[in-house]
> 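A single structure is presented below for examination.
Here is how names work: the chains are called A, B, and so on, in the same order as the sequence lines, proteins then strands, and each is numbered from 1. The structure presented is a predicted model; accordingly, all values stated were derived computationally and were not measured.
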Number of protein chains: 2
Amino acid sequence: MFQSATKDKMSTHIIRQVREAILKGELQPGQCLPPEKELVTQFGVSKHTLREALRTLEAMGFIEIKRGAGGGPVVSEVDMKTTRDSIANFLHFQNVSVSSLSEVRKILEPYLARRAAETFSAQEIEILEDIDAKCQAIFKREKNIVGTREEIDFHVFLARASRNPVMEMILDFVNSILTDIKSHMKPGIEFSEHVLASHHKVLKAIKTGDADGAEKAMYQHICEVEEELGELGEEKKPTVNKAV
Amino acid sequence: MFQSATKDKMSTHIIRQVREAILKGELQPGQCLPPEKELVTQFGVSKHTLREALRTLEAMGFIEIKRGAGGGPVVSEVDMKTTRDSIANFLHFQNVSVSSLSEVRKILEPYLARRAAETFSAQEIEILEDIDAKCQAIFKREKNIVGTREEIDFHVFLARASRNPVMEMILDFVNSILTDIKSHMKPGIEFSEHVLASHHKVLKAIKTGDADGAEKAMYQHICEVEEELGELGEEKKPTVNKAV
DNA sequence: TGCAGATGTTTATTAGAGTAAATATATCAC
DNA sequence: GTGATATATTTACTCTAATAAACATCTGCA
């Protein structure tokens with residue numbers, strides 16, 4: 001009914017103003033904000049207060065701060081990494097498990113594989129083959145692909161090709177968190193072998209336009225991963241990643 | 001290969017330490033951290049530096065800070081609100097649209113409706129009826145249910161009942177963002193009427209254990225919403241929410 | 001008992017000064 | 001001129017010290 005009369009903190013005002021300016025498009029990603037010294041006078045607050053506000057905006061992913069001449073706060077798009085970390089932190093406090101992640105995968109990914117088989121252009125197939133080749137190369141070198149970005153990319157690319165940013169984001173964080181759990185379980189060499197073989201089966205079906213085959217192969221791949229990880233003992237929470 | 005030799009900022013060290021302590025469970029949600037004064041001596045940094053670190057941890061959702069006697073930093077679970085905002089901010093910079101959100105819904109929600117019809121207990125059905133009743137009550141009062149939490153709850157509860165935190169989170173943010181877009185489009189009274197009628201159809205199928213019916217009704221509901229919003233003109237980005 | 005005020009604790013904000021890092025610019029050798 | 005090196009400048013980062021505001025609790029008076 002009435003507006004709350006509680007005086008917010010000064011830094012909150014600053015955060016809100018900058019945030020809204022960015023979301024409204026008045027401040028575009030890439031654009032520089034004035035340096036501390038000037039912002040202090042513009043907002044009429046002390047350096048300390050201003051810096052706290054900038055720190056918060058930085059944590060939210062709205063700005064990056066560079067030092068040195070020509071540096072200062074720069075507006076940036078909120079990126080997947082910031083968001084992924086937030087999701088991972090949230091799920092850490094829920095009972096996220098391999099099976100809960102796998103359930104989501106089993107619904108979404110076969111759908112995406114089918115779509116890929118039906119709609120992929122020659123170029124898209126080439127990219128997917130590239131990703132697959134990179135995985136193979138890593139495996140030859142390291143005898144392990146668990147925990148690499150490339151392993152995830154195979155799945156995320158199917159989502160990216162759908163041109164649906166929501167789908168892509170979901171695939172990204174589900175696979176990232178799952179991979180994080182995996183790498184703590186330290187599966188053996190045969191696990192990576194199975195993954196590569198499955199990817200290959202999916203890829204082949206997509207290449208030949210075999211929608212049913214792609215859907216089935218993907219479903220089976222996810223089930224296999226879930227089972228093999230289940231055998232590897234009790235599931236651990238996604239633990240501390242490097243992010244700060 | 002070698003560890004990066006770049007000196008991180010002092011506040012980064014503090015953030016990492018506290019964050020890891022919380023993720024490892026050494027610091028439990030609800031637990032109080034020592035007041036600024038003591039943290040300053042424990043970390044051996046100035047008050048300013050410490051406060052910046054606390055501000056960042058606050059933005060990440062790991063702590064809350066209360067002022068006054070007995071106040072201070074309190075460890076808290078990273079909650080859905082923090083995470084939802086982060087996702088909304090991220091998707092703001094992608095081309096999220098009603099159709100991209102609807103595509104995800106069309107895959108996940110019919111599945112959940114089917115599952116509900118197959119497995120819901122009498123108690124769970126009662127809760128769902130309660131939510132539905134609340135929606136009806138709001139509609140009678142306001143002639144509009146768009147933008148209310150109750151509208152979302154109907155969908156999120158189906159996910160919550162699946163006991164899959166990942167699923168629940170996805171349903172929460174997809175429906176929250178969609179509702180945010182909706183409320184900016186200001187659909188008329190008949191839109192709310194259609195939504196309520198559709199919810200009722202889904203509810204009825206779940207109550208009678210009609211899995212096929214529930215699945216189909218939910219799918220149709222989502223398509224209907226997508227179409228009606230499509231007619232309402234070009235889609236707008238999810239705009240500024242109140243969060244700070 | 002119950003209310004008003006005093007007291008102590010803790011965060012919020014300010015001011016000012018000095019340090020360290022990154023960049024830009026000028027200088028010098030060739 | 002070109003390239004490398006030194007210098008200067010810009011900018012964020014850190015620290016100290018002190019005041020103001022919020023909050024909880026205790027105290028004393030009616």
> Starting at atom NZ of A/K66, determine the distance to atom C1' of D/dT10, rounded to an integer number of angstrom.
15 Å
> Which distance, rounded to the nearest 0.5 Å, do you find between the CD of A/Q28 and the OG of A/S76?
12.5 Å
> Which whole-number value in Å describes the distance from B/L54 CG to C/dT10 C1'?
13 Å
> Measure CE/A/M10 against C1'/C/dT11 and give the value in whole Å, please.
16 Å
> Taking the side chain of A/A69 as its heavy atoms from C-beta onward, which of D/dC13, D/dT9, C/dA12 lies nearest to it?
D/dT9
> In whole Å, what is the span from the NZ atom of B/K9 to the P atom of D/dC15?
14 Å
> Which heavy atom in A/L232 sits nearest to a heavy atom in A/P187, and how many Å separate them?
CD1-CB, 3.8 Å
> Within the 4.5 Å heavy-atom criterion, are B/I170 and A/F173 side-chain neighbours or not?
yes
> Rounding to a whole Å, what distance do you find between B/I65:CD1 and D/dC23:P?
14 Å
> Could you tell me whether the phosphate oxygens of D/dA24, OP1 or OP2, come under 4.0 Å of any side-chain nitrogen or oxygen in B/R67?
no
> Would you mind telling me which of B/S100, B/S99, B/S97 makes a side chain to side chain contact (heavy atoms under 4.5 Å, CB included) with A/V166?
B/S100
> In whole Å, what is the span from the CD1 atom of B/I14 to the P atom of D/dC15?
8 Å
> Could you list by number each residue of residues 33-52 of chain A showing a heavy-atom separation from DNA chain D of less than 4.0 Å, or answer none if no residue does?
A/P35, A/E36, A/K47, A/R51
> Hey, is CD on A/Q123 packed in by over 12 heavy atoms from elsewhere, all under 6.0 Å?
no
> Between B/T49 and B/S46, do the side chains contain a donor N or O and an acceptor N or O under 3.5 Å apart?
yes
> Figure out the CG/P separation between A/D8 and C/dA12, and round it to whole Å.
12 Å
